[in-house]
Every structure is written in C-alpha cells, then in structure tokens.
Amino acid sequence: MAAILSLSSSFKFVINDNTPRRQPKRASEFINNYDPVKQKTFKYVKTPNFQSNSSVRKTNLSHQMENFISYVERGFVDTAIQLFDEMDKTSTFVWNLAIRVLTNNGLFKEALDLYHQMLVQGVRADRFTFPFVIKACGGCLDLVKGQNVHSKLFTVGLDLDLHISNSLILMYAKCGYIDFAEKVFDEMPVRDLVSWNTMINGYILVNDGLRSLERVRGMQQHRIQPDRFTIVSALHASSLMCSLPKGKEVHTLVIKSELERNEMVQTSLIDMYGKCGGIRYAERVFNMNSRIHVAAWNTMIHGYALNGQPFESFSCFRKLQENGLKPDNVSLINLLPSCSQVGSLLRGKAIHAYIIRMGFLPHIVLETALIDMYGKCEEPGLAKLIFNQMHSRNLISHNTLISALGQNSQYRDSLKLFCDMWNDGFKPDAITVTAILPAYSELAHLREGKQIHGYAVKSGFCSNTFVLNSLTYMYSKCGDLVSARDVFDGNFLKDVTSWNTIIMAYAIHGCGEISVDLFSEMKKKGIRPNSSTFVSVLTSCSVSGMVEEGWNYFTEMKSEYGIDPCIEHYGCMLDLLGRVGDLSKAEELITKMPLEPTYRIWGSLLAASRKHKNVELAEYAAKQILPLEHDNTGLYVLLSNLYAETGRWEDVRRVKSIMESQRVTKTIGLTMVDVKGKTFKFTDQDRSHEQSHLIYHVLDIILQNPVGRLVKFKPVDFLRRKSKSADWHSVRLAVCFGLISTSIGTHVLVRKNVRICEDCHDVMKKISLVCRREIIVGDSKIYHHFEDGQCSCRDYW
DNA sequence: TTAGGGTTAG
C-alpha cells in the first residue's frame with residue numbers, strides 16, 4: 001500500500017486560487033478531510049459562464065477524465081482521488097470510478113466512506129456502483145454494512161441484478177455467512193458461470209470442501225462447463241478434505257475440460273496432490289510439463305516439506321535455479337520449514353543469508369517464516385531479533401513468536417509478548433489462544449488460564465479442536481482435572497491429540513485405570529493411536545503400577561500399529577519397572593534398547609534406585625548422567641538425599657562439597673496457592689504473609705494432633721520452632737493458608753516448583769485425614785491427590 | 001465502469 005500511495009508523493013497540483021495544497025498521506029485522510037460544503041469551485045464545474053464558453057474547456061474536461069480513468073485503471077489511488085476532488089461530481093460514473101479505485105486497492109473503509117458521501121450529495125448509485133460497494137463491505141468483513149446495502153437494493157430494484165448478486169454471494173461468504181450466500185444464489189433468476197464459481201469458492205472460504213464439490217457436481221448437472229476458476233476451487237476443496245480420491249476425480253474433470261495446459265490449473269493440481277499426501281502424483285504432473293513456471297516449483301518445494309521430505313525440498317530449490325529460474329519470496333517461504341524439519345540451523349542461517357543478499361527483506365511473510373524456523377531450530381534469541389527488526393508486524397507474526405518462545409520454554413517472555421500484543425491493538429485469535437495456553441500450563445497459572453478460557457468462549461473459539469485440546473492440557477497441568485474432563489467432554493470433534501491429552505491428564509493425576517479405559521474407548525471410536533498416545537498410555541500404566549498391561553501395550557504399539565518405540569516409551573517402561581522395584585529388569589532394558597540412553601533414561605533408573613535404597617545402582621546411574629551436560633542440580637540433591645537416608649553422612653558432605661565447587665545451588669522451593677482471585681507464593685520457612693501467625697499456628701495443631709481426634713486450637717509460640725525444620729516447608733504453609741482461606745468441604749490445590757519431599761508427603765496425607773478435605777499438590781512431575789490419608793500416587797513418585 | 005483466480009508464515 002505504501003508503494004502505491006507513494007507513487008503520487010511528488011505530485012503537486014494547483015487549484016484555481018493558486019494555493020499549493022498539502023499532499024495527503026493516505027486516501028482516507030483525503031476523504032476524511034473532504035468537506036462537500038466547503039469545497040472550492042473548480043475550473044471544470046459546469047456553471048452558466050463556463051457553458052457559454054468554449055470547446056477548449058470541453059477538451060480539458062475529456063482530457064481530465066482520460067487521466068482519471070488512466071489513474072484508476074493503473075491503481076494510482078492518491079493521484080486518482082486528488083483528481084476526483086477537482087472534478088465535476090454530478091455524475092454517478094465519476095463516483096463509481098473513485099469508489100472502484102479505492103476498493104480494488106484494498107481501501108475498503110475509505111470506499112464505503114466515499115459511497116456515503118455520494119449519497120449525502122444526492123448522487124444516485126446505479127448497477128455499477130453496488131458491486132464495488134458490496135466488495136468493500138466484504139473486504140471489511142462488515143456483515144451489517146453489507147446487509148444494509150443489500151436491503152437498499154430491494155428499494156432501487158437491483159436485488160436480482162446478475163453482477164450485484166454475484167458480489168453479494170462473495171460478500172456473505174467472506175463474512176462467514178454461507179447460508180445467506182446460498183439464499184442469494186438460490187433466488188437468482190439467472191445465473192452465469194461466475195455465479196457458480198463464486199458460490200463454489202464461497203464454500204472454500206468457510207472451509208467446507210464437501211459442499212463446494214457438491215456445487216461443482218450441481219453445475220455440471222445444469223450443463224455449465226467448468227472453467228479454470230472452477231477447477232482451481234474444486235482442487236482447493238479436495239485439499240481441504242485431504243481427499244486424494246476426490247482430487248483425482250477433479251483431475252479427470254481437468255482432462256475432460258482440456259485445461260491441462262493452463263498454468264494455474266497445473267499449480268493447483270500439484271498443490272492438491274501435495275496436500276492430499278500424493279506427492280508421487282504431484283511429481284508426475286510437474287514432470288509432464290516441460291515449461292514449468294516458478295509458482296509450480298514453489299508448490300513442489302512446499303509439497304515435499306508437507307510430505308516430510310525436506311531433502312527433496314532442498315533439491316527442488318537447487319534444480320529451480322539450475323533451470324535458469326530465479327527463486328522468489330514464496331520459494332524461500334516454502335523452503336524454510338524444511339530446515340526446521342531436519343533441525344538444521346546451519347541450513348536455516350544459510351537461507352537467511354541468501355534472503356538478505358537477494359534483497360528480499362523486509363517482507364512480513366518471509367520474516368515470519370524465519371521466526372518460525374529459528375524457533376523450531378531452538379534459537380529463540382534469533383527469532384526475537386528478527387521480530388524486533390521487522391518494519392511491520394501482524395497477528396500472525398506475533399502468534400509465531402509466541403509459539404517459538406513457548407517451544408523453547410521461554411514462557412515468561414511469551415506471556416510478556418502476549419500482553420504487548422494486546423497493548424499494540426492486535427486482537428488474539430484462536431491460534432493465539434492455542435499458542436499462549438502452554439505458557440499458562442507450564443507455569444501452572446490456573447487463574448490466568450481460566451481467563452483465557454473465558455476469552456475463548458466469548459470470542460467463539462470453543463468449537464476449535466486445537467483450542468479445546470490446549471484448554472484440556474492447561475486445566476490438567478494446573479491441577480484442575482474436573483475442568484479438563486469437562487472441556488474434553490464438550491469437544492465434539494475429538495482428534496487423536498484430544499484423546500492423548502485426556503489420557504495423559506489422568507496419568508499425571510495418578511488415575512492410570514481411567515486412562516487405560518479411555519484408551520480402549522478411543523480405539524472403539526475408531527481413532528488410531530499414534531506414538532504420543534502410547535507415551536500417555538505407558539505413563540498411565542507406570543503411575544498405577546500396571547506392569548503386565550504396560551508390557552502388553554509396549555508390544556502392541558509395534559505389532560498392531562507399526563510404531564517403533566522411541567526414548568520416551570523406554571523411559572515410561574523404566575518408570576514402570578522402577579515403581580515395582582524390578583531394578584535388574586530395568587537395567588537389562590537399558591542394555592538391550594536399540595537407542596542411546598539419555599538423561600531421561602538414567603534419571604529414571606536413578607529415581608528407582610533411590611526409592612529402593614540401592615546406592616550402588618544409583619551411583620552407577622549418576623555416573624552415566626554426569627557427562628551428558630544437563631542441569632544436574634536434581635541429580636546431586638537426589639544423591640545427597642539417598643546418602644542421608646542410608647546414613648552415609650560422609651558421602652552427603654562429599655556431594656555438598658561437589659555442589660559448592662561446581663556452584664550448583666539447590667532450587668529454592670516455592671509453592672503457590674490461589675485464594676479469592678489472587679495468587680499467593682510461599683517459600684520454605686516463609687513468614688512474610690500477613691496471616692503467618694495463624695498459618696503456623698494451625699499447622700502446629702495439625703502436626704501435633706493424633707490422627708482422628710478433634711482438632712483444638714492451642715496457642716504456641718511458633719517463633720521458637722527450629723527455623724530449618726522440614727515442618728515449615730513451603731507446601732505445608734501454602735496448604736494451611738488454603739485451608740483457613742477456603743470453605744470447609746472444598747479441596748485445596750497448591751503447586752510446587754520442585755518435587756515434594758517424603759516428610760511433606762506424609763504430612764499431606766495426615767492433613768487430608770485430619771481435616772477431611774482433599775488436598776491436591778502439583779509438584780514438578782505429577783499431581784498428588786490426598787484423600788482420607790491416602791495419596792493417588794500410592795507413595796511412588 | 002460491474003462479479004470469481006494458482007504457490008506463501010502461526
């Protein structure tokens with residue numbers, strides 16, 4: 001737009017009082033400043049004096065009109081509008097051209113403003129005015145304005161005009177009201193090819209491939225020959241349905257209609273085959289045409305990436321150049337996802353350098369593709385850099401960076417960007433919601449997550465499966481399993497991810513049996529499990545100690561579904577063996593697995609060894625972990641605890657000294673609890689809360705009271721307690737504050753940043769028994785539901 | 001003067 005508007009930036013013109021007029025920056029500014037009352041009298045206005053005077057003026061008039069039409073046709077918006085300002089505006093024709101130049105150059109709001117000025121000035125709109133005005137309504141996605149114009153058509157008797165009706169169909173479809181579009185189409189007394197094509201394309205705008213193809217069939221039944229636009233839409237419809245058979249049917253129609261040579265049709269065919277998983281067919285169409293154009297090459301590059309063939313994508317890009325063609329922006333945009341697929345930062349950087357060398361930047365889509373690539377190649381810093389250097393940003397570029405930051409665990413940065421985005425006036429869409437929810441999930445910000453849920457409901461995003469899956473995940477990660485289940489049950493278009501998410505939700509809340517039942521239900525409903533499903537199912541078996549079932553699923557994964565176990569699946573099996581104390585089998589599994597053991601694998605063996613007090617095996621696992629260059633804070637703490645539990649105090653001191661020499665500091669324990677819409681944070685031995693005295697007092701009573709006896713308040717001086725006792729761990733303080741701040745009978749939910757210690761775990765069981773309330777504690781790995789003195793983890797975590 | 005259009009970022 002800036003380019004178009006700047007074309008007239010050097011243009012200065014003089015009105016009859018010889019006062020140079022300031023060049024408006026935007027057509028809208030010009031139009032908004034335009035005052036029909038104060039307008040100057042221009043040379044060419046037909047006054048009696050002028051009329052009496054000469055053919056010279058008539059020549060000027062036609063010359064001016066010629067210029068005006070030329071500017072309109074060439075899309076010189078500013079110049080055309082400036083000229084329009086000087087012209088005689090009594091004829092509808094002149095207004096139509098001015099509205100046309102604005103509409104056709106994306107200045108929809110300005111076009112509508114001009115249309116209203118036209119009416120104010122008493123100029124009648126005609127059959128040529130309305131298509132532009134309706135197009136402008138569609139461009140603004142303004143249904144109300146569109147309907148107002150539509151109702152006016154009845155009063156002026158143009159409601160059945162062919163061209164106007166065609167415009168109405170598109171306007172309604174663009175606004176998402178396909179039923180209104182259908183009504184216009186069905187009531188048309190005469191339809192032409194454009195009417196059919198617009199209707200067929202309208203369904204695509206609302207993502208309804210099936211009804212689009214049904215209309216194509218209807219059109220043929222009416223003996224109307226499809227043209228290239230029909231075919232392009234029909235191929236798009238097949239892609240929307242991901243249906244190779246439907247796409248092939250349309251290909252037959254291409255042959256019958258003798259449109260195989262059309263470049264647009266060829267590109268659409270390649271695109272359809274790529275999107276429907278038929279990359280070999282795409283190659284065939286591509287290779288059958290010797291004079292192939294850049295768009296077709298670009299579509300092939302994209303097709304290979306979509307079909308998980310990144311190296312073919314790179315090779316295609318190379319061949320494009322070898323064939324003497326010049327890659328364009330789209331070539332690069334399509335190529336970048338292949339770098340992410342192979343995780344090749346080097347290739348990504350090389351392409352970035354090429355993009356800079358070729359002068360392709362700034363380009364908003366290309367920059368967004370770069371942000372995405374850097375995010376997926378684990379370089380969030382570079383993704384941020386690109387974003388900060390962008391000349392202009394849109395909703396998609398924001399969404400891309402939010403996702404990139406989330407993918408790289410930079411949740412706080414992604415939340416900050418989300419806030420900035422609001423402040424910059426970008427309204428989050430369903431994809432923003434999907435992108436930001438993981439940040440609330442991982443930081444366990446239930447209250448804020450609920451607010452996003454409210455926003456999603458209000459904005460109408462809650463029929464979107466991606467949004468619902470993210471909400472299910474958020475609720476489960478934030479400890480609210482009931483809400484997670486409610487969202488899952490309310491999702492009427494459950495996909496494999498929906499099932500994986502709810503199965504995992506029950507697993508991390510220690511309800512393995514329910515998870516396994518859900519897995520059976522999922523299979524009964526015909527949803528094919530994928531690799532992630534088995535991670536969820538094996539985790540469920542692990543949390544509930546279902547050894548036999550675990551092995552069965554581990555085998556079924558390969559035999560029934562052809563899924564090779566990856567490191568995550570082995571990790572789950574190790575957790576399962578560790579839980580039941582079968583350490584020798586766990587060791588054997590590590591030895592026999594065909595993959596290189598990772599931190600996750602040795603960590604699992606270490607945790608199992610600690611649980612079963614096998615110091616030797618724990619030391620062996622720890623030795624394997626140390627060279628893996630991971631954050632080993634947890635490892636040292638775990639080893640130190642094991643030595644302490646087995647009375648090896650010398651080793652405890654040794655580990656402490658290693659930690660000091662390596663400057664490894666124990667993560668500060670922090671527990672959060674939400675009370676009355678506010679989040680309260682507690683550290684160990686925290687006395688900063690204004691109700692500290694009461695919190696410590698209640699906790700003291702609970703700890704001192706024998707289980708089952710009535711709790712009585714007995715004042716004690718809490719300051720005399722030992723300051724470093726586990727009695728005052730943050731989780732206990734947070735739970736106590738939750739107990740005294742919420743109604744009797746309700747559960748108390750707290751979240752911790754590190755694993756719960758064994759002492760606190762026992763205390764939570766006691767609290768649940770003494771207070772007869774459910775206590776839910778989320779630690780860095782799972783949720784513990786304490787009820788009647790028992791924990792859902794069955795004392796293994 | 002009027003309606004529909006291929007490959008492209010989350």
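If you're wondering where the values come from, they're calculated on a predicted model, not measured in any experiment.
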Within less than 4.0 Å of OP1 or OP2 of dG5(B), is there a side-chain N or O belonging to Asn201(A)? yes

Sugar-phosphate only, base, or nothing, as touched by Asp328(A) at under 4.0 Å among non-hydrogen atoms: nothing

Parallel, tilted or perpendicular: ring planes of Phe426(A) versus His398(A), cut at 30 and 60 degrees: tilted

Could you go step by step and tell me if Ser331(A) and Asn298(A) meet the side chain to side chain donor-acceptor pair (under 3.5 Å) rule? CA-CA 5 Å; Ser331(A) 320; Asn298(A) 293 349; 2.7 Å; yes

Proximal nucleotide (of dA3(B), dT1(B), dG6(B)) relative to the Phe128(A) side chain: dT1(B)

Options dT8(B), dG4(B), dG6(B), nucleotide nearest the side-chain atoms of His293(A): dG6(B)

Using a 4.0 Å heavy-atom cut-off across all strands, classify Thr267(A) as base, sugar-phosphate, or nothing. base

Side-chain donor/acceptor contact of Ser268(A) with base of dG6(B) under 3.5 Å: no

When you measure from the side chain of Asp495(A) to the backbone of Thr497(A), do you find a donor-acceptor pair of N or O atoms at a distance under 3.5 Å? yes

Checking all strands, does Thr368(A) fall into the base, sugar-phosphate, or nothing category for heavy-atom contacts under 4.0 angstrom? base

Classify Asn394(A) by what it touches in the nucleic acid, base, sugar-phosphate, or nothing, heavy-atom distance under 4.0 Å. base

Would the base of dA3(B) count as contacting Asn197(A) through its side chain, where contact means a donor and an acceptor less than 3.5 Å apart? no

To the nearest Å, how far apart are Arg100(A) CZ and dA3(B) C1'? 13 Å

Take the protein atom CG of Leu366(A) and the nucleotide atom P of dT8(B), then report the distance between them rounded to whole Å. 14 Å

Over all strands shown, is Asp429(A) touching base, sugar-phosphate only, or nothing at heavy-atom distances under 4.0 angstrom? base

Give a yes or no on whether a donor-acceptor pair under 3.5 Å exists between the nucleobase atoms of dG5(B), that is its base, and the side chain of His236(A). no

If you check every side-chain atom of Asp271(A), which of dG4(B), dT8(B), dG5(B) has the closest atom? dT8(B)

Where the side chain of Phe229(A) is concerned, which of dA3(B), dA9(B), dG4(B) is the nearest nucleotide? dG4(B)

Hey, does Val194(A) reach any base, or is it just sugar-phosphate, or nothing, if we go heavy atoms under 4.0 Å? base

Does Glu263(A) reach a base, just sugar-phosphate, or nothing at all? Heavy atoms under 4.0 Å. base

Could Lys135(A) and Phe108(A) be counted as a cation-pi pair, given that NZ or CZ must be under 6.0 Å from the ring centre and within 45° of the axis? no

Nearest to the side chain of Thr198(A), which nucleotide is it out of dT8(B), dA3(B), dG4(B)? dG4(B)

Under-3.5 Å donor-acceptor pair between Asp227(A) side chain and dG4(B) base: yes

If the cut-off is 4.0 Å, is Lys174(A) near the phosphate of dA3(B), judged by side-chain N/O to OP1 or OP2? no

Taking distance alone, no hydrogens or angles, what donor-acceptor pairs closer than 3.5 Å link side-chain atoms of residues 213-220 of chain A to residues at least two apart or in another chain?
| unit_1 | atom_1 | unit_2 | atom_2 | d |
| --- | --- | --- | --- | --- |
| Arg215(A) | NE | Tyr203(A) | OH | 3.1 |
| Arg215(A) | NH2 | Tyr203(A) | OH | 3.4 |

